[in-house]
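Here the structure is laid out as structure tokens; the discussion comes afterwards.
In what follows, chains are A, B, ... by sequence order, proteins preceding strands, each numbered from 1. Computed over heavy atoms, backbone and side chain alike; hydrogens, waters and symmetry mates excluded.
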Amino acid sequence: SQTIHQWPATLVQPVGSPLSLECTVEGTSNPNLYWYRQAAGRGLQLLFYSVGIGQISSEVPQNLSASRPQDRQFILSSKKLLLSDSGFYLCAWSVRFRATNEKLFFGSGTQLSVL
Amino acid sequence: LAKTTQPISMDSYEGQEVNITCSHNNIATNDYITWYQQFPSQGPRFIIQGYKTKVTNEVASLFIPADRKSSTLSLPRVSLSDTAVYYCLVGDYNAGGTSYGKLTFGQGTILTVHP
């Protein structure tokens, strides 16, 4: 069966520090991969999505970046965190070959607090 | 760009049937409609997906009219544990009908079930 791992679960970082969140998927090949962010009490904001290794689409221009060094690995990074980067970060994957029938499967999330 | 509109919040009581409607006027021919449930500090969880008419599973039913410009998630006999945020999601595709894998959430509907 497929599983998605996301870590860490919680993170407290000072303003200006770097960030690296990692997500890996097991049990499937060529997944679509996503990073979402959710501010407190708000909906999910799509940050990045990837349909293949090295293929990253950015939805929100900001100080965050994403990389996909391997087929089932998705990394969210920042060189210098801002206060506004605080939020609940979720990684997700979907089956790639049936584009019209995609179902998202989410990780357990990372609660990031930038102080 | 297929966008969705849902009520911000709904209240219900245990044992009642709850219907949450989502509007998606610009839905594309190949788009499926998918509903997710999210509890606090967790990633959304897939509930149900459909293309037209009616779909039913062990958790919910999904009603989609012929024009597909809206859909209704029906939760039979809700309990306190159904208190959550419910999201309606429609795929986003380019003019050629090829998915970029871009799946965007709306603000969702906060359902509160009272004793």
Should [X] and [Y] be counted in the same cluster of Ile, Leu, Val, Met, Phe, Trp and Tyr side chains packed under 4.5 Å apart?
X       : Y        : value
B:Met10 : B:Val113 : yes
A:Ile75 : A:Tyr89  : no
A:Leu83 : A:Leu112 : yes
B:Tyr86 : B:Leu80  : yes
A:Leu82 : A:Leu11  : no

Handout entry: Test item: A:Gln38 and B:Val85 side chains (from C-beta on) under 4.5 Å apart, heavy atoms
Key =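 No, side chains not in contact.
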
>> Please give me the minimum heavy-atom distance between B:Pro44 and A:Leu90, naming the atom from each residue.
In response: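 Nearest heavy atoms, B:Pro44 then A:Leu90: CD-CD1, 3.9 Å.
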
Which value, rounded to the nearest 0.5 Å, describes the distance between A:Leu104 atom CG and B:Arg45 atom CZ?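 With rounding to 0.5 Å, CG (A:Leu104) is 14.5 Å from CZ (B:Arg45).
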
Point to revise | Spacing of NZ belonging to A:Lys103 relative to CD1 belonging to B:Ile47, to within rounding of 0.5 Å | key: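 Reported value, rounded in 0.5 Å steps: 12.5 Å.
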
Part of [X] within contact of chain A (heavy atom distance under 4.5 Å):
X        : result
B:Tyr51  : neither
B:Gln42  : backbone
B:Ile110 : neither

- Flag yes if more than 12 heavy atoms outside B:Ile8 fall under 6.0 Å of its CD1 atom; otherwise flag no.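 12 or below, so no.
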
